[in-house]
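First comes the structure, then the notes that go with it.
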Amino acid sequence: MKTLFVNMREKTYDVFVKTHRLCLFVCLFCVFCSCNSNVIYDENKSVDEKAWAAKDKVYYQVDIKNTAMKYKVALNVRNTTDYPYSNIYFFMNTILPDGTITKRDTIECYLAYPDGTWKGKGSSKVRDNRFWIAKNVEFKQQGRYVFELYQATTDTTLSGIVDVGLHIEYQD
């Protein structure tokens, strides 16, 4: 009788361990699958929400290792609902690894719909937006690219923008 009790306890323990191992494996699998392995860069930088000056540039340094792949690029913009306009313009310069500067890009992002309601995610006073600005981008040189971003509105200082960010991922 004693050996029967010991065998049942060992079997119960084995089932318990196997069940917990399975649960751990499923949890780890979900965690790793939920990560987007296509993203190679995603960084937001704060700007002066009360007075972002047109001369104040934001810099992003991105290391590109794979020149055979194609990429897509987005800007992240966090604005308050006190932002006075429905859109925003940016200038962006790209400095290649060899030090040459590409032409300046002008980018327009619509932060609100024509009826005045704000785009983006968020239920409070701050809205998060992602604007895809380029697809099928080929980086011809391997190395560190520097992206220089600054606001290009007619105002010399701009209020209502909290953060601006750069997001780069592999093209699907």
Side-chain angles (χ1 to χ4, degrees), residues 26-67 69-97 101-139 143-172:
V26 168
C27 289
L28 287 174
F29 179 77
C30 289
V31 166
F32 287 117
C33 287
S34 66
C35 297
N36 188 347
S37 62
N38 283 344
V39 175
I40 65 155
Y41 188 85
D42 188 49
E43 184 177 4
N44 295 324
K45 295 194 176 183
S46 297
V47 296
D48 187 347
E49 178 185 334
K50 302 282 187 226
W52 183 20
K55 65 179 175 46
D56 293 338
K57 298 176 181 177
V58 182
Y59 297 91
Y60 306 93
Q61 295 183 13
V62 182
D63 290 319
I64 300 294
K65 296 179 178 123
N66 190 339
T67 58
M69 294 291 292
K70 291 190 179 187
Y71 299 85
K72 55 186 179 179
V73 180
L75 287 183
N76 299 326
V77 180
R78 292 183 75 217
N79 64 286
T80 67
T81 55
D82 294 330
Y83 182 71
Y85 306 110
S86 63
N87 64 343
I88 183 170
Y89 283 94
F90 295 102
F91 289 140
M92 184 165 70
N93 296 320
T94 305
I95 303 166
L96 305 178
I101 300 173
T102 63
K103 67 177 175 56
R104 179 174 69 187
D105 291 316
T106 304
I107 303 160
E108 182 180 17
C109 300
Y110 288 96
L111 302 173
Y113 294 103
D115 68 359
T117 57
W118 293 103
K119 290 183 172 186
K121 295 178 183 174
S123 57
S124 66
K125 208 174 164 157
V126 177
R127 308 299 292 184
D128 292 306
N129 295 276
R130 175 165 290 159
F131 300 99
W132 293 103
I133 60 172
K135 293 185 179 182
N136 295 312
V137 175
E138 294 179 352
F139 293 107
R144 178 163 289 168
Y145 286 73
V146 177
F147 296 90
E148 180 181 74
L149 185 72
Y150 50 106
Q151 62 101 344
T153 62
T154 55
D155 295 353
T156 54
T157 58
L158 190 60
S159 64
I161 301 297
V162 179
D163 298 320
V164 290
L166 184 67
H167 178 93
I168 301 174
E169 62 184 60
Y170 293 118
Q171 183 75 39
D172 295 340

Do you know which two heavy atoms are closest between [X] and [Y], and how far apart they sit?
X    : Y    : answer
P97  : G143 : CG-C, 3.8 Å
Y113 : W118 : CE1-O, 4.0 Å
N136 : Q171 : N-OE1, 3.2 Å
N66  : Y71  : O-OH, 2.6 Å

[atom1]-[atom2] distance between [X] and [Y], expressed to the nearest 0.5 angstrom:
X    : Y    : atom1 : atom2 : result
C109 : R130 : SG    : CZ    : 12.5 Å
M92  : T106 : CE    : OG1   : 10.5 Å
L149 : F90  : CG    : CZ    : 5.5 Å
I101 : I95  : CD1   : CD1   : 5.0 Å
I168 : Y60  : CD1   : OH    : 11.0 Å
L166 : K45  : CG    : NZ    : 9.5 Å

* What pairs of residues pass the salt bridge (Lys or Arg N to Asp or Glu O under 4.0 Å) test when at least one of them lies in residues 54-63, not counting sequence neighbours? ->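 For residues 54-63: K57-E148, D63-R144.
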* Pair listing, salt bridge (Lys or Arg N to Asp or Glu O under 4.0 Å) test, anchored in residues 79-93, at least two apart ->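 Listed by first then second residue: D82-K125.
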For a 4.5 angstrom cut-off between non-hydrogen side-chain atoms, does [X] reach [Y]?
X    : Y    : value
I64  : Y41  : no
I133 : D105 : no
Y145 : L96  : yes
T80  : E49  : yes
V77  : Y83  : no

* To do: Verify side-chain contact (heavy atoms from CB on, under 4.5 Å) between K50 and T157, making sure each step is shown before the conclusion.
  => CA-CA 8 Å; K50 302 282 187 226; T157 58; over 6 Å; no
* For the pair I88 and L158, evaluate side-chain contact (heavy atoms from CB on, under 4.5 Å) and give the outcome as yes or no after the intermediate values. => CA-CA 10 Å; I88 183 170; L158 190 60; 3.6 Å; yes
If we count only N and O atoms by modelled type, under 3.5 Å, do the side chains of [X] and [Y] hold a donor and an acceptor together?
X    : Y    : value
Q61  : Y59  : no
D163 : N76  : no
T153 : D155 : no

* **Step-by-step side-chain contact (heavy atoms from CB on, under 4.5 Å) determination, H167 to W132** => CA-CA 9 Å; H167 178 93; W132 293 103; 3.6 Å; yes
* To do: Just say parallel, tilted or perpendicular for the rings of F147 and F139, cut-offs at 30° and 60°.
  =>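 Geometry flag for F139 against F147: perpendicular rings.
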* Test item: N129 side-chain N/O and G120 main-chain N/O as donor-acceptor pair under 3.5 Å ->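 Yes.
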* With no hydrogens and no angle check, is any side-chain donor or acceptor of T94 less than 3.5 Å from a backbone partner on T102? ->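 Answer holds: no.
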* To do: Answer yes or no for K119 and Y110: cation-pi contact, defined as NZ/CZ to six-membered ring centre under 6.0 Å and angle to ring axis within 45°.
  =>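 That pair does not qualify as a cation-pi contact.
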* To do: Could you list the residues that satisfy salt bridge (Lys or Arg N to Asp or Glu O under 4.0 Å) with D128, not counting sequence neighbours?
  =>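 In terms of salt bridge (Lys or Arg N to Asp or Glu O under 4.0 Å), with neighbours along the sequence ignored, D128 is linked to R78.
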